[in-house]
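Throughout, a chain's letter reflects where its sequence line sits, starting with A, and its residues are numbered from 1. Bear in mind the structure is a predicted one, so any value in this text is a computation, not a measurement.
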Protein chains: 2
Amino acid sequence: MQEQKRTGFQDVRDEVLRRIEDRIWPQGALLPTELELATEFGCARATVNRALRELAERGIIDRKRKSGTRVAVAPVKQAKLEIAVMRQQIEEINATYRYALVKQQQIPAPSWLASQIGLQAGAQVLHLHCMHYADNRPFQFEERWINIDAVPQVVEADFSHTGPNEWLLAEVPFSNAEITLSAVAANAQLAEFLTSSPGAPLFQMERTTWFQQQPVTFVRMTFHPGYRMSTQY
Amino acid sequence: MQEQKRTGFQDVRDEVLRRIEDRIWPQGALLPTELELATEFGCARATVNRALRELAERGIIDRKRKSGTRVAVAPVKQAKLEIAVMRQQIEEINATYRYALVKQQQIPAPSWLASQIGLQAGAQVLHLHCMHYADNRPFQFEERWINIDAVPQVVEADFSHTGPNEWLLAEVPFSNAEITLSAVAANAQLAEFLTSSPGAPLFQMERTTWFQQQPVTFVRMTFHPGYRMSTQY
DNA sequence: CAGTGGTCTAGACCACGGT
DNA sequence: CCGTGGTCTAGACCACTGG
């Protein structure tokens, strides 16, 4: 009974990875060419190509025309941070999500914001303060600025029951963004909303979002004391 | 003069992306089949397949056999955190890197560590304290535990001039890991090494690393006050 | 059962970049 | 120049899954 399935790109990928892990091909070593590997594995070159391309995307190997394929020496590890909507993130830990709008006003962009995200000085922005709760305990304090020029319909939106993030995701999907993570000390406002003591260390994530080169929103999310963000690779 | 190049998968990918951004195909919409797109773009189905596969990997579209391809509704944004070696990270900001070994001892694994990374109680581990400086200013304090069973040769290693991370990368490449980010208050030790005031908020990254199911190392890296970690997507 | 994506093939041409 | 990876093609078969 031949259980031999045809050699797929995953087989090639895994076998190459195994040889690298087992130091059959040590760091910096030159791998056989795609053609040679295709012959060895008894498959088409395109199959080998796809396998190696995936490993290259993961940073496991470096590929260069003419020079060939080498085992990466100092691989830059890439961890994928999954950024989900708060509601989803909270419901994933089996907690009840609750949202509250704290404050909403239309103002001219403060100069720090204008320079932060690249706005005209004095452009009108919508400024929001929101709270996200998990099982009625403070989870995240959100301070957000939305560029009204970029999404004029925002002035009609109702943020009293749904967070601006969910609204924006529906209006301006697939934007690109820059994220900054840091640790900050709780000021009076944060301490109050997150029920921490003033000065307590809090985890903060800031995100600037653009859509087709145009700044859309800047958000500063501060999490409850003890919050930890995890990921794997 | 026809400047028409042959339609490549990038052309297809970008055009499909454009139509999604322009709401020609709104969220949840069903895209044409690969065959239809191939006909429209005048290329092979494999080319369309590769283009759509990339968009699917980015979370822009959802693909299912038989049902077809749809524009993702609530895309989970994926930010790639690039985890580089400290030396590299510091040199990238044009600062001079300096490393110092603070303390090194072999001990039985404390129980919290054993349970944290899945070790036998009492297994021998190498415990290290290190400092990383940028332009002679404290940049990161590193506290690390290495499972000696996983890398016996570690007891011979010399960490007085090179950090354990660089050594481990050379010995145990391409491992998988779990990362946790958080904000902590500086204790006396951290305050001393990072020249911060006690209680100051500090950004901390913890990482557990395995190699082929076996726990290798756990490291707690605490950064200087004001440190910010950035990424894009 | 039949439609749609998933993958493989064998061959081809191209583009980059050492020599 | 010319070897190596990058990509495309036209066709084929497979695998999952909705109806």
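- The aromatic rings of B:Tyr227 and B:His224 stand perpendicular to each other, their planes meeting at an angle above 60°, with 30° marking the opposite boundary.
- To the nearest angstrom, P of C:dC14 lies 18 Å from CD of B:Gln10.
- Taking atom CD of residue A:Glu57 and atom P of nucleotide D:dG5, one finds them 16 Å apart after rounding to whole Å.
- Rounded to whole Å, the distance from CZ on A:Arg53 to P on D:dC8 is 10 Å.
- Of the two residues near DNA chain D, A:Asn49 and A:Gly68, the one whose nearest nucleotide lies more 5' is A:Gly68.
- Rounding to whole angstrom units, CD1 of residue B:Ile61 and P of C:dT4 are separated by 15 Å.
- The aromatic rings of B:Tyr99 and B:His132 sit tilted, their planes meeting at an angle between 30° and 60°.
- Rounded to whole Å, the distance from CG on B:Asp11 to P on D:dT9 is 11 Å.
- Residue B:Arg65 has its side chain nearest to C:dG5 when only D:dT4, D:dT7, C:dG5 are considered.
- Remark: C1' of D:dT4 and CG of A:Asp62 are 15 Å apart, rounded to the nearest angstrom.
- Using a cut-off of 4.0 Å between Lys/Arg side-chain N and Asp/Glu carboxylate O, B:Glu57 and A:Arg53 are scored as not salt-bridged.
- For the OP1/OP2 pair of D:dT7 and a distance below 4.0 Å, the side-chain nitrogens and oxygens of B:Arg50 include at least one atom meeting the criterion.
- Here B:Glu15 pairs with B:Arg18 in a salt bridge; the nearest charged N to carboxylate O distance falls below 4.0 Å.
- One can find a donor-acceptor pair under 3.5 Å joining the base of D:dT7 and the side-chain atoms of A:Arg45.
- Under a cutoff of 6.0 Å and an axis angle of 45°, B:Arg87 and B:Tyr97 do not form a cation-pi pair.
- A close approach under 4.0 Å does occur between a side-chain nitrogen or oxygen of A:Arg63 and OP1 or OP2 of D:dG6.
- Summarising the geometry, the separation between NZ on B:Lys64 and C1' on D:dG18 is reported as 9 Å, rounded to the nearest angstrom.
- OP1 and OP2 of C:dG5 both lie 4.0 Å or more from every side-chain N or O belonging to B:Ser67.
- Atom CG in B:Leu35 sits about 12 Å away from atom P in D:dA10, given to the nearest Å.
- Listed pair A:Thr69 / D:dT4 fails the phosphate criterion, with no side-chain N or O lying under 4.0 Å from OP1 or OP2.
- Along DNA chain C, the nucleotide nearest A:Thr47 and the nucleotide nearest A:Lys66 are compared for position; the residue whose nucleotide lies closer to the 5' end is A:Thr47.
- Considering only side-chain atoms of A:Glu34, the nucleotide from D:dC2, C:dT9, D:dG6 that sits closest is D:dG6.
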